[in-house]
Amino acid sequence: MTTANPNPPTPRPTPTDGFPTATSQTQAETEAILLKHIPQAGADAPVLAKSSHMQFLVRNLVQGFPARYMSQDASQPWLLFWTIQAFSILQVGLDPGNKQRVIDKTMAAQHPDGGFGGGPRQAAHLLPTYAAVCTLAIVGRSGPGGGWDQIDREKMYKFFMSLKQPDGSFLVAHHAEVDVRGIYCLLVTATLLDLLTPELVAGTASFIASCQTYEGGFSSSSQSYYTTDNVLLSTPRPPLGEAHGGYTFCALASWVLLHPFMEVEKDKPTIDARNLLRWLVNMQGTEIELGGFKGRTNKLVDGCYSWWCGGAFSLLEAFGVGGSREHIPSSTSEGEWDDADDSLFNRKALQEYILLAGQHPAGGLRDKPPKNSDAYHTLYCLSGLSAAQHHIFLSSARRDAILDAWVANPAASPDLADDIRKHVFADSLSWTEEEGGSLIVGGKDNRVNATHPVFNLTITHTEGLMSYFYKQTLPPRVKASSNS
Amino acid sequence: MPTLTSSSTSSLGDVLGLYSQRQEWSDVTPLPQYEEANPAAPIFYSEEYKDATDYFRGIVRTGEKSQRVLELTETIIRLNPAHYSAWQYRYETLLAINAPLDVELKLMDELAVSFLKTYQVWHHRRLLLTITRNPAPELAFIAASLKVDAKNYHTWSYRQWLLAFFNDDDLWAGELDFVDAMLAQDVRNNSAWHHRFFVVFQSGLREGETDRGRVIRRELTYVKQNISLVASNPSAWNYLRGILDANHLPYTRVEEFVKPYAASTQDTSTTDLVDLENPPPPRGAELPCAPAIEFLADIFEKEGGKDGVRKASELWRSLADEYDKIRKKYWEYRIREALQTVQE
Ligand SMILES: [Zn+2]
């Protein structure tokens, strides 16, 4: 389990072919800094400084955020989510008093016409709506003051529908932009709260598919064209902006969430999973970049892409790309496979980036040295670390068990298509951590909690919230192996 | 993710003082953000910001849309350009009072430069343009802001939106030259490569672009020449793949071009010959070039059969073990997948 190598060779710099440009210069500067974070031969295994990150998080939660966070005034539910979910990944729960304060602050951001805003009396917006609902999944409860029953689901649904565009996309807020982050946030919220309907997501999968670029990753959005009598043209439908890690995660997770609806989607959209995989693996930096991920071709590595890119590999597995040992021949002539690790990215190297470069000595995690830590990078570095440590897969056995235990809801409104609800519920909750599938750099003290590959909540928090809103009782979990 | 900015930009508030001290605002009841004294995770706001947002909440409550709302929202935007509610309310106010949008665009010219990385700056512009419908001056403005930040995601998407939305031949006319200029500054700028793909292959057919055979030849020549300038530029290799994939062309079409880039040493015997179809690796190139090895392996895999898979696997093995070790798992996966096709 130790990473120390008796004679680590100095890694090769990224080739410049004798032709420096602005890109290769900033790349070289970054490599020079990162090189200093590569441990000497015989150094101790890297340690996740859990207690100093805890102190950083507690300080933000209890004392508050310094003035430079004024720029996040319209993202207050995010500040809460980043902080609270980071606690969850560090395997720490909140005391009832702090939980209540977080619930109260979150609920103050609910808009009277549905959805949540960036703070009290701010306009409703899809991004803080996701952050608020996920925060409530962690700290909330049913009953008075618990948050869950105070979410106005009917108004939220109306708010969602009011943002819907003819091409299947959604504005992130009234008069605001369309982008796949908003669609991801809407789909997660609707999935968790039992609000997904065929009406809500009609055309959305086609929109997502149209955002895939020639590089394989996804862009922020696409431009639609219509005939003179307002019929959407299937082509051209160009992506706006290049392939990008954050948008790619959101697009891919949306794609997974839309899976139960693909059958009813009329133009049967497809995405190119092979090209997506190729792009994703190429986002991982080389040894000299300590194996961190970048967000775009020819850009720099950044800790937050540990999650947006590193976390996307589990999602790819959901439709059969990589991962599961069922598809892999047990022996090959090469005889070199590492049986403990069937993932398609370098899990060990990603953990090293986070541990060696991502941790700020004063607590919290960061984009890259010598930057400061912040709430956003703290969560997404930790989430990425979790994705690199654990193997979470869609268990068909778990799915069958959930489907068997499903109790049809006689009170459900008829247009909520109970069969689709059932599959949304079962698909979301059959993600399972593979026993023995963990690979933890630095030893077991560095272990963090597994997190749900789609929602970025712990499995327990996801189960708690969803079984409440779907009015279901989950069957007990049996120990999972990767063959289930 | 927007970076954290400090509130250094000077604002009207510096000159006129806090809203709470101004006579002409005395009819507005400011609304504090939280009723409880100690909300969790508070932000330490500056006095100026707290004052302006308290008045903004007061205005939102009454629904007032007036000239002074433009001043108030500008104050907030200058202190926190990510305050999307202030932008949203400002937009509604502009429409409600029929404000002159050329004045607004002028202000946006200034704010875009100060707050380049904010979504809202670019989106607000887009809203204004859909009303003013005068896209022509925008191209020069965008070009100027790309001088400050050549890979700004919002700026590039805004340019692409502008071209696609107005879809005017005059707007499109200069785009290839524009990409050339951007790539001449930095041939590794992936945003510029993506823009080229958008212009050439994804935005419909325009005059002069209808002969697709000619366009494909032109693009192949263009990307090959750029690879022969910087061999290991992933942006250019992705563009090459993009051309072939989008037009359903086999990778073998450029096999002769790719081979010398996958070789371990420069073949000096041919470098004196000028072959425009197959420009050689640059003299300073660090060979072999991993994207070229990958490309050749794809050709062999497509060729199929035991022999094709064997040749592809050898190349993937060389990537896994020597030239691209960080992606070892992926290259081994490619080997396994390809082996399966011949075992069946
Ligand atoms: Zn980042």
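Below, read A as the first sequence line, B as the second, and so on, with proteins coming before strands; counting in each chain starts at 1. As the structure is a computational prediction, the values presented were derived from the model and not from experiment.
The greatest number of non-hydrogen atom pairs below 4.5 Å with chain A, out of B/Pro39, B/Ala40, B/Ala290, B/Ser157, is found for B/Ala40. Between chain A and the residues B/Arg327, B/Lys325, B/Arg159, the most heavy-atom pairs under 4.5 angstrom are made by B/Arg327. Put simply, of A/Arg237, A/His174, A/Gln27, the one with the most heavy-atom pairs under 4.5 Å next to chain B is A/His174.
In this structure, chain B has a heavy atom under 4.5 Å from the side chain of A/Thr213, while its backbone stays farther away. When heavy atoms are compared at a cutoff of 4.5 Å, B/Trp87 does not approach chain A at all. Interface residue A/Asn60: only backbone heavy atoms are found under 4.5 Å from chain B. For B/Phe56, no part lies near chain A; criterion is any non-hydrogen pair under 4.5 Å. Heavy atoms of A/Pro128 lying under 4.5 Å from chain B belong exclusively to its side chain. Residue contact with chain A, scored on non-hydrogen atoms closer than 4.5 Å, involves the backbone and the side chain of B/Trp161 alike. Neither the backbone nor the side chain of B/Tyr89 comes within contact range of chain A, judged by heavy atoms closer than 4.5 Å. Residue contact with chain A, scored on non-hydrogen atoms closer than 4.5 Å, involves the side chain of B/Arg334 exclusively. For a residue to count as touching a neighbouring chain, one of its non-hydrogen atoms must lie under 4.5 Å from one of that chain's; by this rule A/Ala22 touches chain B with backbone and side chain alike. At a 4.5 Å heavy-atom cutoff, the contact between A/Pro20 and chain B is made by backbone atoms alone. Looking at A/Thr106, neither its backbone nor its side chain comes within 4.5 Å of chain B, counting heavy atoms on both sides. Contact of A/Asn98 with chain B is not made at all, since no heavy-atom distance falls under 4.5 Å. The part of B/Leu31 that comes within reach of chain A is its side chain, from C-beta onward, which places non-hydrogen atoms under 4.5 angstrom from that chain. Only the side chain of B/His123 has a heavy atom closer than 4.5 Å to any heavy atom of chain A. Contacts between B/Ala246 and chain A at a heavy-atom distance below 4.5 Å are absent for every atom of the residue. Contacts of A/Thr16 with chain B are made by both backbone and side-chain atoms, with heavy-atom separations under 4.5 Å. For a residue to count as touching a neighbouring chain, one of its non-hydrogen atoms must lie under 4.5 Å from one of that chain's; by this rule A/Thr83 does not touch chain B. Only the side chain of B/Leu127 comes within contact range of chain A, with at least one heavy atom under 4.5 Å from a heavy atom of that chain. Looking at A/Gln100, neither its backbone nor its side chain comes within 4.5 Å of chain B, counting heavy atoms on both sides. Proximity to chain B involves both the backbone and the side chain of A/Gln284, based on heavy atoms less than 4.5 angstrom apart. Of the two parts of A/Pro15, the backbone and the side chain both hold a non-hydrogen atom closer than 4.5 Å to a non-hydrogen atom of chain B. For chain B, the nearby part of A/Tyr247 is the side chain; its heavy atoms alone come within less than 4.5 Å.
Using a 4.0 Å cut-off between a side-chain N of Lys or Arg and a carboxylate O of Asp or Glu, B/Glu322 and A/Arg12 do not qualify as a salt bridge. For the pair B/Glu294 and A/Arg278, the salt-bridge criterion is met [side-chain N within less than 4.0 Å of a carboxylate O].
When side chains are defined from C-beta on, B/Tyr45 does not count as touching A/Phe65, because their heavy atoms never get closer than 4.5 Å. Contact of the A/Asp17 side chain with the B/Glu286 side chain is registered, since non-hydrogen atoms from C-beta on lie closer than 4.5 Å. Under the 4.5 Å side-chain criterion, counting only non-hydrogen atoms from C-beta, A/Val281 is not in contact with B/Lys329. At a threshold of 4.5 Å between non-hydrogen side-chain atoms, the residues A/Gln223 and B/Leu163 do not count as touching. Using a 4.5 Å heavy-atom threshold, the side chains of B/Ser191 and A/Arg296 count as touching. Between B/Phe198 and A/Glu242 the shortest side-chain heavy-atom distance does not fall below 4.5 Å. The shortest distance between side-chain heavy atoms of B/Trp156 and A/Leu240 does not fall below 4.5 Å.
Nearest heavy atoms, B/Leu79 versus A/Met70: O-CE, 4.5 Å. Contact detail for B/Ile326 and A/Gly285: the closest heavy-atom pair is CG1-O, 3.4 Å. The shortest non-hydrogen separation linking A/Lys105 to B/Ala41 is NZ-O, 3.0 Å.
Aromatic rings from A/Phe345 and B/Tyr333 are positioned such that their centres are separated by 6.0 Å or more.
Checking A/Asn346, A/Leu280, A/Leu277 one by one against B/Tyr330, the side chain to side chain contact (heavy atoms under 4.5 Å, CB included) holds for a single residue, A/Leu277. Checked against B/Arg188 for a side-chain hydrogen bond (donor to acceptor under 3.5 Å, both in side chains), the options A/Thr297, A/Thr21, A/Asn298 give a single hit: A/Thr21.
Side-chain atoms of A/Thr23 and B/Lys151 form a donor-acceptor pair, as typed in the model, at a separation below 3.5 Å.
A perpendicular orientation is assigned to the rings of A/His244 and B/Tyr153, their planes being inclined by more than 60° (bins at 30° and 60°).
Around the CZ atom of A/Arg274, the shell of radius 6.0 Å holds no more than 12 heavy atoms that belong to other residues, nucleotides or ligands.
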